[in-house]
Amino acid sequence: MCRRRAGDGDHGRTNVKLEGGLTVQDHSAFFDHIGYKKHVDKKSRVTLDLPVKSEVVNEDGTLSPGLFSTMLDIVIGSTVNEEFKSPASTINLNTTYFDLSNKGPYRAYASITHQAEKVITGEGIVEDCFGEMAAKGIGTFKLLSESKQ
């Protein structure tokens with residue numbers, strides 16, 4: 001039985017306030033298509049949920065690794081955007097997949113691990129409904145404007 005409950009941390013489709021008055025956009029047409037839902041969890045982390053839709057499950061019952069890569073890119077990039085109050089672009093993303101069997105819903109979260117001027121490195125984790133790591137990514141991003149931090 002999964003520990004994650006429906007609606008856990010769900011803030012609807014609006015801009016979500018973060019600590020310090022920052023906001024994170026949690027809605028896009030792409031999110032609707034795949035089923036991603038972005039929000040802020042109880043630890044004030046930007047998180048991305050994937051309640052698995054039948055359309056994204058492969059014929060053998062597994063999930064495409066691209067779903068997890070996309071989750072990690074979005075959640076690490078969003079964390080960079082919010083932390084530095086600046087848009088950012090992905091330079092590189094390395095992803096390791098541990099389990100592609102369907103154990104959804106999934107939740108991804110990230111943290112910043114390094115900054116060198118406009119180049120930021122972050123680490124993200126995708127967990128299944130049991131809290132087990134399904135994928136992990138390390139991404140490097142470039143800030144596209146002056147940081148306001």
Side-chain angles (χ1 to χ4, degrees), residues 1-115 119-143:
M1 187 70 169
C2 293
R3 290 183 281 170
R4 191 159 294 124
R5 295 179 303 258
D8 181 25
D10 188 0
H11 294 278
R13 293 174 185 217
T14 60
N15 286 337
V16 178
K17 284 271 189 201
L18 296 176
E19 190 174 315
L22 301 176
T23 59
V24 59
Q25 184 180 354
D26 71 345
H27 174 73
S28 76
F30 178 69
F31 283 18
D32 282 347
H33 178 70
I34 301 297
Y36 295 132
K37 297 193 185 316
K38 192 187 299 185
H39 61 274
V40 178
D41 70 6
K42 294 175 184 173
K43 297 178 183 177
S44 297
R45 299 178 299 194
V46 176
T47 61
L48 188 67
D49 286 348
L50 175 63
V52 181
K53 295 179 175 182
S54 60
E55 314 72 270
V56 301
V57 178
N58 294 325
E59 289 182 14
D60 65 0
T62 63
L63 299 178
S64 167
L67 289 170
F68 293 153
S69 294
T70 302
M71 286 182 83
L72 290 164
D73 189 31
I74 292 168
V75 79
I76 299 169
S78 294
T79 299
V80 169
N81 292 343
E82 296 304 325
E83 179 89 15
F84 295 94
K85 302 176 192 168
S86 171
S89 179
T90 307
I91 295 172
N92 184 51
L93 178 66
N94 293 310
T95 306
T96 303
Y97 308 101
F98 301 106
D99 188 356
L100 296 175
S101 59
N102 186 355
K103 295 180 184 171
Y106 291 90
R107 176 166 289 165
Y109 56 90
S111 61
I112 304 300
T113 58
H114 182 74
Q115 177 186 5
V119 177
I120 312 298
T121 302
E123 177 180 87
I125 293 173
V126 177
E127 293 179 346
D128 65 22
C129 69
F130 301 106
E132 298 293 323
M133 192 181 315
K136 181 176 182 174
I138 297 174
T140 305
F141 294 76
K142 182 176 182 180
L143 298 177

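Each residue takes its place number in the sequence, starting with 1. Source: prediction; values computed, not measured.
You'll find the side chain of L143 reaches within 4.5 Å of the side chain of V80, heavy atoms only.
A distance of 12.0 Å separates CD1 in I76 from CG in N81, rounded to the nearest 0.5 Å.
For the residue pair M71 and Y36, the shortest heavy atom distance occurs at CG-CE2, 3.2 Å.
The closest donor-acceptor contact from the side chain of N58 to the backbone of G61 lies at 3.5 Å or more, if one exists at all. Side-chain atoms of N102 come within 3.5 Å of backbone N or O of G104 as a donor-acceptor pair.
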Report the C-alpha distance between E132 and F98 in whole Å, list the side-chain angles of each, state the deciding distance to 0.1 Å, and finish with yes or no for side chain to side chain contact (heavy atoms under 4.5 Å, CB included). CA-CA 9 Å; E132 298 293 323; F98 301 106; over 6 Å; no
With side chain to side chain contact (heavy atoms under 4.5 Å, CB included) as the test, would you mind laying out the steps for F84 and Q115 before giving the verdict? CA-CA 10 Å; F84 295 94; Q115 177 186 5; 3.2 Å; yes
For a side chain to side chain contact (heavy atoms under 4.5 Å, CB included) check, start with the C-alpha distance between L63 and V57, then their side-chain angles and the critical distance, and finish with the verdict. CA-CA 5 Å; L63 299 178; V57 178; 3.9 Å; yes
Could you check R45 against E82 for side chain to side chain contact (heavy atoms under 4.5 Å, CB included), going step by step and ending with a plain yes or no? CA-CA 10 Å; R45 299 178 299 194; E82 296 304 325; over 6 Å; no
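For D99, the side chain to side chain contact (heavy atoms under 4.5 Å, CB included) test picks out S101, K103, with sequence neighbours left out. Here T113 pairs with S111, T121, E123 under the side chain to side chain contact (heavy atoms under 4.5 Å, CB included) rule; sequence neighbours left out. When the side chain to side chain contact (heavy atoms under 4.5 Å, CB included) test is applied to D73, the partners found at least two apart in sequence or on another chain are T90, L93, F141.
Among the candidates K38, K37, R107, the single residue satisfying the salt bridge (Lys or Arg N to Asp or Glu O under 4.0 Å) test with D49 is R107.
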